[in-house]
Amino acid sequence: MVLAALAKAIESHDPFTRGHSARVSSLAAVIARRLGWTSKRLSALHMGGLLHDVGKLNLDEALLLKPGPLDAREYDEIRRHPLAGARLIRSFEALRPALPYILFHHERWDGSGYPTGRFYEQIPLGARIVAVVDAFDAMTSTRPYRAPLPLRSALAELNCGAGTQFDPTVVRAFFSAWNDGELDRFVPEERLSA
């Protein structure tokens, strides 16, 4: 009940991300299965995918809907959403398995991410999975500051980010699932032909 309410609240707060959390959760599950995850781990991943952006509820809607580039102060504010989300979820015992996904989904494989600057295996594997599928879905979706990237460009960005922004093993699992057609159903039909 709380999970569904929070997922709905996230989408209500930022209408440009409608469906984003559900797609991240579903895409992440496909990748995790490729990596041999069990159903117990998949349950926590599902919750984490749905709630990874819950900290954005603390952000001003005008900031989320800004049509142009963010200035340094605004970008710093956006970068606080993983910590804000972790603080919010920590009080709900049933949602605590989602904490690593919420807190670490913007960490980068090379250590240049946020909020803690973790790198390599210091970042929980589930958060590394969410990072890849979150980026893919964001790139292929309309945002107030840009049109969706063509699918080919988004896939190239993932490939270029393997080993710097993203865990290369997770990116390989993503492309393996993509090449087998397992991810097509999570991409709107009009995006597949773009």
Side-chain angles (χ1 to χ4, degrees), residues 3-4 7-8 10-11 14 16-54 82 95 97-113 118-143 146-194:
L3 178 62
K8 187 172 183 171
I10 294 165
E11 292 191 355
D14 182 358
F16 278 93
T17 61
R18 186 155 287 123
H20 172 71
S21 294
R23 286 189 303 273
V24 165
S25 181
S26 297
L27 287 163
V30 172
I31 305 311
R33 280 189 205 94
R34 284 269 165 165
L35 296 171
W37 281 37
T38 64
S39 59
K40 182 178 179 182
R41 286 181 84 187
L42 287 171
S43 175
L45 179 65
H46 170 71
M47 189 185 315
L50 288 175
L51 296 176
H52 73 282
D53 278 339
V54 70
L95 300 180
L99 280 171
Y101 309 96
I102 295 166
L103 190 55
F104 301 122
H105 73 280
H106 281 294
E107 299 291 354
R108 292 174 55 123
W109 184 247
D110 65 6
S112 66
R118 288 180 177 219
F119 57 93
Y120 304 140
E121 284 82 15
Q122 292 176 349
I123 307 164
L125 178 56
R128 288 181 265 152
I129 293 169
V130 169
V132 169
V133 298
D134 180 39
F136 174 76
D137 189 69
M139 287 187 284
T140 57
S141 300
T142 300
R143 293 293 189 252
R146 63 149 178 80
L149 288 180
L151 199 52
R152 185 179 309 224
S153 298
L155 293 170
E157 287 290 325
L158 286 184
N159 196 44
C160 286
T164 54
Q165 183 172 358
F166 307 116
D167 176 344
T169 301
V170 174
V171 173
R172 280 193 298 276
F174 179 96
F175 277 101
S176 175
W178 181 265
N179 291 335
D180 288 348
E182 289 184 63
L183 303 179
D184 291 1
R185 68 181 183 266
F186 305 112
V187 179
E189 188 67 38
E190 67 274 8
R191 302 302 312 138
L192 286 173
S193 58

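The figures here come from the full heavy-atom set of this structure, side chains too, leaving out hydrogens, waters and symmetry mates.
Atoms CE and OG, from Met47 and Ser25 in turn, are 10.0 Å apart once rounded to the nearest 0.5 Å. Rounded to the nearest 0.5 angstrom, Arg34 CZ and Asp180 CG are separated by 4.0 Å. For the atom pair CD1 of Ile129 and CH2 of Trp37, the computed distance is 4.5 Å after rounding to the nearest 0.5 Å. One finds the CG atom of Leu45 at 5.0 Å from the OH atom of Tyr101 (value rounded to the nearest 0.5 Å). Between the CG atom of Asp53 and the CG atom of Asp134 there is a distance of 5.5 Å, given to the nearest 0.5 Å. The structure places CG of Leu42 at 12.5 Å from NZ of Lys40, a figure rounded to the nearest 0.5 Å.
No side-chain N or O of Arg23 forms a donor-acceptor pair with one of Ser26 less than 3.5 Å apart.
In summary, of the residues considered (Phe166, Trp178, Phe175), a ring pair (Phe, Tyr, Trp, His ring centres under 6.0 Å) with Phe136 occurs for Trp178 alone.
What you find for Met139 and Glu157 is that their closest heavy atoms are SD-CB, 3.5 Å. Taking both residues in full, the closest heavy atoms of Leu35 and Ala173 are given as CD2-CB, 3.9 Å, listed atom of the first, atom of the second, then distance. Closest non-hydrogen pair, Ala28 versus Val130, comes out as CB-CG2, 4.5 Å. Across all their heavy atoms, Leu158 and Val132 have their closest contact at CD2-O, 3.9 Å. Scanning all heavy atoms of the two residues, the minimum distance from Pro124 to Pro100 falls at CG-CB, 4.0 Å. For the pair Phe119 and Asp110, the tightest heavy-atom approach, listed with the atom from each and the gap, is CB-C, 3.9 Å.
Checked by atom type and distance alone, the side chain of Glu107 never pairs as donor or acceptor with a backbone atom of Ile123 at under 3.5 Å.
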Item to check | side chain to side chain donor-acceptor pair (under 3.5 Å) evaluation trace for Arg172 with Thr169 | outcome: CA-CA 5 Å; Arg172 280 193 298 276; Thr169 301; 3.2 Å; yes
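Between Trp109 and Tyr120, a ring centre-to-centre spacing shorter than 6.0 Å is recorded.
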